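This report refers to the structure that appears directly beneath it.
Treat the numbers as computed from the prediction; the structure is a model and nothing was measured.
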Amino acid sequence: MGRHQAWNTITLFCILIFGFALATVIKPQTEHSETENRDLATRPPLRLATVLNGEFESDYETYLTDQFVGRDGWIRLKTMVERLTLQSESKDIYFADDDYLIEKHTGVFDSDMAGLNIRVLQQFAQKYAPQFGAEHMTFMVVPNAVDILRDKLPALASPYDEEDYLSQIAAALPEDTWFDAGEVLRGHSQEEIYYRTDHHWKTLAAFYVYQAWAQRQGYAVPEADDFEIETVTDSFEGTIQSKLEIHTRPDSIELYHYPDDPFYTVQKNNEDEITYSIYDYTALTTKNKYNIFFGGNHALVRIGTRAGSGRRILVIKDSYAHCFVPFLLPEFDEIDVLDIRYYNQRLSDLIAQGAYTDLLFLYNAAGFAEDTGVSRLTA
């Protein structure tokens, strides 16, 4: 009887393992995860060369992980078990106070890529410092929530200290071109300056940093009362929540409108279509509601205004800049917003032809450290 039970167990185990694997291979592939807002790995082509060098096996393992039958449900179940057993983290994400889900970014800042990106940024800054001068060139790498919201982390949390990495970036740049956004944000750490469920900072955080930066640059310094603040949603569940497949307290998204909203035009990726708003309200009907800013990421967005300042700025950025850029509208006649990750032409040509008076580099710390596209800065 014992032997039969053992064979039954082995048979059931094999059916489960090979059955799920077969079902994964047979089912239609999902190319994009709306929940996680990322492209999923698809079945790699079978080639002798990639089999021999191990690339096929590695890619196939990633494919099975991304396309596994019932993947979202298994992730959800795993997270529920971890929370029921009072674990303080899951998938490199802390379960923090006040319903915050905060990414740890383990190993991100001491990777080879993180170090390489500092060196590339240094070369870029040194190349263009003579053209812009320190007073017209700013590098702003914004700390992530794990650095600023330390008071909300679990008691035994030991996050990597981003400050060391940010200090390395600051030291590599020409004098007076670094702007310490972290110093500003730490003064407001008890306020809601990061999303609970997403990796971005909130518009309130961008406002505080813009205030301080505008003062340093000699621009008009706005106050909160100068804006009409519109809460466009209170049901935003962002990318961190999606990684865990759980529901916590959703976030709100706020837009800051100047009362006398300045007229401006928006052109994306040099296309013929001209629009008249930075905001894409249709994004509020989708999973990724943060795409209300610009409708998501684009290689190049050109914003023309009637500011009459004679200033033109190039903003090289990741998506942290999306809620920061609207504050620039009264100060610049043209604002070119460049995402180097998607821009396939030579950056040096764009700068040579753009007649820019100012340059702003704005990334989040983890995004900068991991971004393989930073190498294009020197093209």
Side-chain angles (χ1 to χ4, degrees), residues 31-34 36-39 117 124 138 140-142 195 198-203 206 210 232-233 236 238-239 253 255-257 261-305 312-329 331-356 358-364 366-368 370-377 379:
E31 295 186 357
H32 183 82
S33 171
E34 182 72 16
E36 297 179 68
N37 189 34
R38 71 176 181 88
D39 293 332
N117 285 351
F124 173 79
T138 301
M140 189 185 302
V141 181
V142 180
Y195 293 106
D198 192 69
H199 66 285
H200 291 100
W201 60 350
K202 298 197 72 173
T203 314
Y210 179 78
V232 292
T233 182
F236 174 44
T239 54
I253 297 177
L255 309 182
Y256 281 50
H257 301 288
D261 222 0
F263 175 84
Y264 61 90
T265 60
V266 180
Q267 182 185 33
K268 298 174 182 177
N269 303 322
N270 290 321
E271 297 171 355
D272 292 335
E273 182 183 6
I274 301 292
T275 59
Y276 302 95
S277 178
I278 287 171
Y279 306 113
D280 181 359
Y281 284 84
T282 64
L284 298 176
T285 65
T286 69
K287 165 65 177 173
N288 191 8
K289 293 176 172 56
Y290 189 79
N291 279 348
I292 189 171
F293 299 101
F294 294 98
N297 292 309
H298 302 277
L300 181 64
V301 178
R302 284 204 153 109
I303 305 169
T305 79
R312 297 160 60 94
I313 189 170
L314 174 64
V315 181
I316 302 174
K317 59 83 190 179
D318 67 6
S319 55
Y320 257 56
H322 289 187
C323 61
F324 185 93
V325 167
F327 296 113
L328 301 174
L329 291 173
E331 294 294 341
F332 296 92
D333 297 342
E334 183 171 313
I335 305 164
D336 284 3
V337 184
L338 176 73
D339 196 320
I340 198 72
R341 297 170 296 179
Y342 306 104
Y343 191 70
N344 295 321
Q345 301 179 46
R346 290 173 59 87
L347 176 57
S348 57
D349 291 342
L350 176 68
I351 295 177
Q353 299 163 9
Y356 300 112
D358 295 82
L359 184 144
L360 170 64
F361 183 90
L362 200 166
Y363 263 70
N364 80 88
F368 173 74
E370 294 180 301
D371 188 1
T372 58
V374 169
S375 61
R376 298 179 185 177
L377 287 174

Does the plane of the ring in Tyr363 sit parallel, tilted or perpendicular to the ring in Phe368? Use 30° and 60° as the thresholds. perpendicular

Looking at side-chain heavy atoms only, is the closest gap between Leu314 and Ile351 below 4.5 Å? yes

Hey, would you say the Tyr279 and His322 ring centroids sit under 6.0 Å apart? no

Looking only at heavy atoms, the pair that brings Lys287 and Gly238 closest together is NZ-O, 4.3 Å

Could you walk me through whether Thr282 and Asp280 satisfy the side chain to side chain donor-acceptor pair (under 3.5 Å) test, starting with their C-alpha distance in whole Å, then the side-chain angles of each, then the deciding distance to 0.1 Å, before giving a yes or no? CA-CA 5 Å; Thr282 64; Asp280 181 359; 2.5 Å; yes

Side chains of Phe124 and Val374, heavy atoms from C-beta outward: is any pair under 4.5 Å? no

Are the charged groups of Asp333 and Arg312 less than 4.0 angstrom apart, N to O? no

Using a 3.5 Å distance criterion without hydrogens, assess whether the side chain of Asp198 forms a donor-acceptor pair with backbone atoms of Thr239. yes

Residue pair Leu338 / Leu347, side-chain heavy-atom distance below 4.5 Å: yes

How are the rings of Phe324 and Trp201 set relative to one another: parallel (under 30°), tilted (30 to 60°) or perpendicular (over 60°)? parallel

Under 6.0 Å between ring centres, would you say that holds for Tyr195 and Phe236? yes

Test side chain to side chain donor-acceptor pair (under 3.5 Å) applied to Ser348 - qualifying residues, sequence neighbours left out: Arg346

Establish, yes or no, whether a centroid distance under 6.0 Å links the rings of Tyr290 and His200. yes

Given 3.5 Å as the limit, does a donor-acceptor pair link the side chain of Arg376 with the main chain of Arg341, or not? yes

Indicate the atoms forming the closest heavy-atom contact of Asn269 with Ala299, along with that distance. OD1-N, 3.1 Å

